[in-house]
Number of protein chains: 2
Amino acid sequence: MVANTQLTISELIRSRYSDLTRKERKFADTLMANYPVAGLASITEVAANANISTPTVLRTAKKLGFKGFPGFQAALRKELKQTLANPIVKHERWANAAPEEHILNQFAIATMENLSSSLRQIDHHTFDKVSELLADENRKIAIVGGRLSHSVADYLATHLQVLRDDVTLLSSSPSRWPHHLLNLSKGDVLVLFDVRRYEANLSDLAKLAEQRGIKIVLFTDQWMSPVSTRAAHTLAVRIEVPSGWDSAVVTLFIVEALVAAVETHRWPQTRARMKDLEKLFDDTRRFLKKPE
Amino acid sequence: MVANTQLTISELIRSRYSDLTRKERKFADTLMANYPVAGLASITEVAANANISTPTVLRTAKKLGFKGFPGFQAALRKELKQTLANPIVKHERWANAAPEEHILNQFAIATMENLSSSLRQIDHHTFDKVSELLADENRKIAIVGGRLSHSVADYLATHLQVLRDDVTLLSSSPSRWPHHLLNLSKGDVLVLFDVRRYEANLSDLAKLAEQRGIKIVLFTDQWMSPVSTRAAHTLAVRIEVPSGWDSAVVTLFIVEALVAAVETHRWPQTRARMKDLEKLFDDTRRFLKKPE
DNA sequence: AAAATTTTGTAAATAAATTGACAAAGCAAT
DNA sequence: ATTGCTTTGTCAATTTATTTACAAAATTTT
């Protein structure tokens, strides 16, 4: 007999309940009363909690179609994992029903996991501190990224420039970086993006910045760029996806949230500033109908 | 040392994370990525899933203040029992302990919704078609973005350039765009990022491209850029977040998944090419130790 | 009420998990 | 490159869990 993989174990128990003997039902009841955690301890403990003997637990598991207790428990865990997994991925099936293995699905799952576990790790005090730093117009801001993280640095710069003055994006050629630092002084902020493989140039730049008393805000990955020892604040995110390189999605997410936080800090000034800028852009670039 | 019963284990890990060594963090990361189920199997299995040895798992548990692995596990179960009993904390399975209204959490909710609803709308056949187009080395590729989407265009260009030849990122100044089109001919591909407010320049460029028989791949938002009428393939995503502008996170997600798909199509060539490039970059830029 | 049958538990055998001791590998400082 | 220190894994010892075999208890049938 093989366990039906379609049914949850609780459904399985309900459907087979009439086949169970008195003590077996006692075990089933105990499990259902605290489902599924009551089934996740050792067979000894589980039996003790239900006031039955260990062989009875084993026999029940076998009756439900499992080879042994460990198999039963593994099924419980698997089920729990799916239940706890992000409700969005799990429940909201796609209209067009792309197969589970489609790369979009694979990526979605990995990205959701990256996002949720990054959120669990990020300290929101750090986030708040960083957003205050970036909102403080007494500090100049320089932004720099590595080879692959340059676009994210660009994104942050573009958006911050809308919100405040004195925001510079360091060019992508490392040779010119030290030069840029001359414009910064003690108390100014260097935002640095460094994910693996960590670049020595960024490390050097951080050293220089530290010597000048410039505050470093570091975006890195879970393995932590060596720059983190010099950084005033470090925001580490998870970046693993099923491909040959790393994902910048969660980093971009944090960047956007930060920009939104800065926007909130500076709302009065921002409002006026954005109007001005919009006008400016309207003159430079032509826009089409504005939706909504 | 006794485990503080006030803290959840995930909080405990976060607070002691800096005390953990490399492999210990690997365990912590694995646990956090699939919390708390990843910690509920036997120590052997848990270690195997994290690709570390069992003693390392044990040492981590002890470092966190538990007497042994079974004690650690019992704490996880106890916590899980409480979590499952109280639906209010449900959300905290994927957010951290920051208050519900914290902008990080607000953003997380919005972003997850954007991602899932975009996934539901995107036709995976379109996605596959686009990935084939981009993988076809007989077609030249030009990439262009608007004012705010330029960084995403940059990201796509940087990554595609690793995978194949003939990838150009159009500069951010619209006046030079038409010039670039001269390098493209019938059957080549123009990837265009256009989210509200839709830019007239991009629209003009699309018209020109269409006249020359260039295939247009459009990334836009749910309201659809006017370019969509000229596009061979349109990928529309949801972009709303609680801030003054729109989110590029989901767009970047699709871009990354596309790059991964192209990588798969072209694996044999890619492999060699990436090796060459790595070497080239190693000569130009200096990298520090490569993690993992 | 006794016999037959089923259920349940005890206890031993087996298998597996946990832990500890130590050696190898990795890393940092020189 | 060498040394000293830290981290990590291997392997064996120990403990614990799981399973089996069988006997006792309970239940049902006659």
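Sequence lines set the chain letters: A, B, ... in the order given, protein chains first and strands last, and positions in each chain run from 1.
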* To do: May I ask you to test the B:Leu258-A:Ile103 pair for a side-chain heavy-atom distance under 4.5 Å?
  => no
* Asked: Is the closest side-chain heavy-atom distance between A:Thr168 and A:Ile141 below 4.5 Å?
  -> no
Proximal nucleotide (of [options]) relative to the [X] side chain:
X       : options                : value
B:Arg22 : C:dG26, D:dT18, C:dA17 : C:dG26
B:Thr44 : C:dG9, C:dT18, D:dC11  : C:dT18
A:Ser53 : C:dT10, D:dT18, C:dT18 : C:dT10

What is the separation between atom [atom1] on [X] and atom [atom2] on [N], rounded to the nearest whole Å?
X       : N      : atom1 : atom2 : value
A:Gln73 : D:dT19 : CD    : P     : 10 Å
B:Arg25 : D:dT7  : CZ    : C1'   : 13 Å
B:Ile43 : D:dT10 : CD1   : C1'   : 15 Å
A:Leu58 : C:dT10 : CG    : P     : 16 Å
B:Phe69 : D:dT15 : CZ    : P     : 19 Å
A:Glu45 : D:dT18 : CD    : P     : 10 Å
A:Ile52 : D:dA26 : CD1   : C1'   : 16 Å
A:Lys23 : C:dT6  : NZ    : C1'   : 14 Å

* Asked: Do A:Glu24 and A:Tyr17 have side-chain atoms, one donor and one acceptor, less than 3.5 Å apart?
  -> no
Should [X] be listed as having a side-chain N or O under 4.0 Å from OP1 or OP2 of [N]?
X       : N      : value
A:Thr54 : D:dT18 : no
A:Lys62 : D:dT20 : yes
A:Thr21 : C:dT8  : yes
A:Lys26 : C:dT7  : no
A:Thr56 : C:dG9  : yes

* Between the base of D:dG9 and the side chain of B:Arg59, is there any donor-acceptor pair under 3.5 Å? ->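 Checked by distance alone, the answer is yes.
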* Asked: Which atom names give the shortest non-hydrogen contact between A:Asp19 and A:Lys63, and what distance separates them?
  -> O-NZ, 3.0 Å
* B:His102 and A:Phe127 aromatic centres sub-6.0 Å -> yes
